[in-house]
Structures are given as structure tokens and as C-alpha cells.
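Quick notes on the structure that follows.
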Amino acid sequence: MDHAAEAQRTDLMTITRHVLNEQSKHPEAHGDFTILLNHIVLGCKFVCNAVQKAGLAKLLGLGGETNVQGEAQKKLDVLSNEVFVKALISSGRTCILASEENEEAIFVEPSKRGRYCVVFDPLDGSSNIDCGVSVGTIFGIYMAKDKTNPTLDDVLQSGKNMLAAGYCMYGSACTLVLSTGNGVNGFTLDPSIGEFILTHPDIKVPKKGKIYSTNEGNTKYWDEPTAKYVEKCKFPKDGSSPKSLRYIGSMVADVHRTLLYGGIFLYPADRKNPNGKLRVLYEVFPMSYLMEQAGGQAFTGKQQALELLPKKIHDQSPIFLGSYDDIEEIKSLYAAAEETKA
Ligand code: AFP
């Protein structure tokens with residue numbers, strides 16, 4: 001009998017236990033973050049179940065409303081948003097919420113307010129649901145300056161001030177990846193006990209990867225550094241093998257693969273979208289935070305992604321994130337382009 005394996009099977013590190021362990025390193029902590037996280041986890045379990053049942057429950061199809069980006073909302077987007085908003089408010093630990101699905105930030109009523117601000121995309125990649133592709137929830141957590149008087153500036157902070165970020169991927173397994181500023185850990189939902197169990201401790205993104213991930217259909221709109229970079233991926237001049245292209249079109253799934261296997265995920269600026277497509281608060285920041293915490297980098301084409309200071313809750317930004325060395329390469333191409341301009 002393999003006693004070590006047996007011990008691991010019976011000594012389960014659940015996500016709550018993990019966060020409580022982290023909390024014990026901060027004697028000043030009151031457990032508020034653990035309570036907040038428990039409510040996020042509840043939302044993830046609910047959405048996971050809803051995504052799996054979507055076809056059966058006839059939840060697929062258009063919800064009849066349009067979100068702030070003018071995209072048709074699926075019923076599951078609406079449902080997921082409602083679940084997260086209600087779970088976050090009922091935690092009693094939040095004061096402002098910014099969701100991809102709500103045009104305006106939500107200010108929690110004073111009697112239910114706590115110190116945290118949560119930015120989130122309840123169901124990212126939802127245009128992929130009809131064909132069963134992995135989708136996910138992305139979230140980031142900040143602290144409000146004054147919970148009794150929260151202002152929009154509390155969610156328009158630089159990504160550097162994020163206290164925690166994560167995503168839950170609803171795929172072949174339900175996987176929650178979390179960082180509270182002390183590395184990145186991955187938890188997989190064990191449906192038999194309804195708990196997220198630590199399955200990917202201390203995730204480190206490989207220093208260099210063999211995969212690039214982008215919507216290459218946009219090539220004709222790209223700027224020169226991006227075009228040059230992708231050309232180098234396909235026709236490397238240093239004798240190395242070309243990189244493989246993998247693109248799902250669902251950020252959580254593309255970033256999850258990048259985190260585990262290495263490489264680069266890019267959604268650059270282009271002539272159609274000069275500010276890129278992906279949203280700073282609830283796509284770019286949480287994923288950049290996770291990538292940096294895992295030893296990788298995140299760059300906008302101009303600066304470190306986490307240094308951005310959003311002006312509006314639905315601001316967009318170009319993004320290049322992934323393995324440290326791969327991001328160094330794109331950074332040097334943008335630096336060279338700047339030098340020729342000067
Ligand atoms: P949806 O939520 O509308 O499916 O958009 C997904 C997304 O915001 C992000 O998850 C993808 O990385 C990106 O858009 C894909 O964009 P393209 O379809 O332009 O490649």
C-alpha cells in the first residue's frame with residue numbers, strides 16, 4: 001500500500017483550509033477575506049453546475065438583452081451575474097462591485113457593506129457555450145479606502161493594488177486558480193464532496209514556452225511589433241523550432257493553458273480596436289496578477305499591465321502575457337519600434 005498517497009487522499013487541502021492557513025500568517029486578519037472567498041466559491045459552484053446543465057435545462061440561447069459592450073447576452077451570463085452579485089452582497093464583506101454585465105458599478109447598501117471591492121466577469125467566453133468550449137469566471141479583489149464612503153476610485157485603482165485575483169474554469173473539470181499575493185494555487189472541484197481540493201500547488205509558468213495564442217485572423221490590422229513577433233514564432237531565425245499555435249477564444253481557457261504549459265497569450269491593439277479588446281478591470285488585471293505571481297510577465301505594448309490606471313470600469317487594453325522570456329521578446333520589439341520613431 002502506498003501510505004504517502006493514501007495520506008494525501010485522506011488529508012484534503014480544501015480551498016477554505018488553504019485560505020485559513022494563509023490567514024493564520026496574518027495575526028491582524030479578522031477572517032473577512034475567507035468569508036468573501038467562500039461566497040465567491042459558492043458562485044463558482046453554482047455557475048459550474050449551470051454550465052454543465054445548460055443544454056439540458058434549455059438555458060442556451062439569447063437572453064434578449066445587450067450588455068455594455070453591445071454583445072448579445074446569453075441567459076447564462078445573466079444568471080451567472082445575478083448569482084455572483086447576490087453572493088457577494090450577502091457576504092457582508094463588499095462595498096462596491098464592478099461586473100462586465102453591469103454598465104455601472106454597484107454600490108452595496110450601507111447595512112451590508114464590508115471593506116472589499118470586487119471586479120469580475122461572471123461568465124467570460126460565453127459566446128463559446130453553445131459548442132461546449134471551456135468558459136470561466138474571472139475576479140479581482142481590492143480594499144476600499146473607506147468602506148463607509150466608497151467611491152468609484154476604489155475600483156479604478158492600479159492593478160498593483162489588487163489584493164487577490166483568480167478565475168474558475170468550467171471545462172472538463174471545474175478548476176479554480178487563486179492568488180492572494182503569495183504565489184498561485186489551483187484547486188479542482190471534487191463533485192462527490194462539493195469541495196475545491198488543492199491539485200496544483202504553487203503554479204510556476206515555464207520560463208519560456210513553445211505555444212503562442214492569439215486571434216491570427218486579425219493579422220492585417222496589427223501593428224509592426226506584434227506582426228514581427230508572430231512571424232518570429234512561426235519562422236524563428238535562431239535555429240529553434242517554430243512555436244505551436246493554440247487559440248480557444250475563451251480567455252480563461254487560453255490563459256490557463258499558458259499558465260500550465262508556458263508560452264504567450266496576446267490580444268494586441270489593432271486598427272479596429274486601438275485599445276485592444278479585453279477589459280482592464282476584470283480580464284487584464286486579474287490575469288496579469290496571476291501571471292506575475294506565477295513568475296511570468298504581463299505587458300500592454302507600452303508598460304507593465306498592472307501599472308495601468310483605468311479611468312472607467314469597462315476600459316480596455318492590449319495585453320501580452322505569459323512566460324517571462326517570451327514577454328521579454330515582445331517588449332524588446334516594442335522598445336525597438338519606439339527607438340526608430342524617436
Ligand atoms: P465572449 O465572452 O463574448 O465570448 O468574449 C470572450 C473574450 O472576451 C475573451 O474571453 C477572449 O479571449 C476574447 O474575447 C476572444 O476574442 P476574439 O473572438 O476577438 O478572438
Side-chain angles (χ1 to χ4, degrees), residues 47 50-51 54 59-81 84 98-103 119-140 165-171 175 177 211-223 226-227 230 245-259 263-288 290-291 298-301 305 310 313-322:
V47 176
V51 168
L59 284 166
L60 297 181
L62 298 176
E65 288 173 42
T66 304
N67 72 10
V68 72
Q69 270 82 32
E71 299 157 340
Q73 281 185 13
K74 303 278 172 173
K75 281 183 181 168
L76 271 179
D77 298 36
V78 180
L79 185 67
S80 308
N81 193 41
F84 274 102
S99 163
E100 202 238 357
E101 297 294 338
N102 295 103
E103 194 160 350
V119 293
F120 61 103
D121 186 343
L123 201 58
D124 190 65
S126 53
S127 62
N128 293 288
I129 288 176
D130 289 0
C131 62
V133 162
S134 298
V135 290
T137 299
I138 310 174
F139 59 90
Y167 61 79
C168 187
M169 186 176 73
Y170 312 111
T175 310
V177 173
I211 298 173
Y212 72 103
S213 183
T214 189
N215 185 341
E216 224 175 325
N218 291 329
T219 306
K220 78 174 211 186
Y221 305 116
W222 286 345
D223 62 16
T226 298
V230 171
L245 166 65
R246 298 279 183 275
Y247 188 65
I248 298 167
S250 173
M251 191 187 195
V252 174
D254 282 317
V255 170
H256 189 63
R257 183 200 53 250
T258 307
L259 205 52
I264 182 168
F265 168 83
L266 50 146
Y267 208 112
D270 60 43
R271 282 198 291 283
K272 275 190 313 177
N273 303 297
N275 294 323
K277 174 184 178 190
L278 300 180
R279 275 70 89 173
V280 174
L281 274 192
Y282 39 80
E283 290 183 309
V284 170
F285 275 171
M287 295 312 203
S288 300
L290 289 167
M291 206 48 85
F299 175 63
T300 65
I313 62 172
H314 299 293
D315 272 4
Q316 294 162 302
S317 168
I319 185 69
F320 302 83
L321 53 79

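Values reported hereafter were calculated over all heavy atoms of this structure, with side chains retained and with hydrogens, waters and symmetry mates removed. Counting starts at 1 for both ligands and their atoms, in listed order.
Of all atoms in ligand 1, listed by their number and element, those nearer than 4.0 Å to a heavy atom of Asn215 are 17 (P), 19 (O), 20 (O). Those atoms of ligand 1 with a heavy atom of Ser126 less than 4.0 angstrom away are 1 (P), 2 (O), 4 (O). In summary, the atoms of ligand 1 found under 4.0 Å from a heavy atom of Ser250, numbered by their order in the structure, are 10 (O). Heavy-atom proximity to Tyr267, at under 4.0 Å, picks out these atoms of ligand 1: 16 (O), 17 (P), 19 (O), 20 (O). Proximity to Tyr247 (heavy-atom distance under 4.0 Å) selects the following atoms of ligand 1: 15 (C), 16 (O), 17 (P), 20 (O).
Within the 3.5 Å criterion, the main-chain N or O of Ser134 finds a donor-acceptor partner in the side chain of Ser250. A donor-acceptor contact shorter than 3.5 Å links the side chain of His314 to the backbone of Glu103. A side-chain donor-acceptor contact under 3.5 Å links Ser213 to the backbone of Arg246. Of the possible polar contacts, one joining the Asp254 side chain to the Ile248 backbone as a donor-acceptor pair under 3.5 Å is found. Looking at Asn128, its side chain does come within 3.5 Å of a backbone N or O of Gly249 through a donor-acceptor pair.
The shortest N or O to N or O distance between Asp124 and ligand 1 is under 3.5 Å. Close N/O approach between Gly125 and ligand 1 is found [any backbone or side-chain N/O within under 3.5 Å].
His256 and Tyr167 have perpendicular rings, their planes meeting at more than 60° on a 0 to 90° scale where under 30° would count as parallel.
Residue Lys277 holds the heavy atom nearest to atom 5 (O) of ligand 1 of all those in Lys277, Met251, Glu283.
Within 6.0 Å of atom OH in Tyr247, more than 12 heavy atoms from other residues, nucleotides or ligands are found, so the atom counts as buried in its surroundings.
Residue Ser127 touches ligand 1 through backbone and side chain together, judged by heavy-atom distances below 4.0 Å.
At least one heavy atom of Leu278 sits less than 4.0 Å from an atom of ligand 1.
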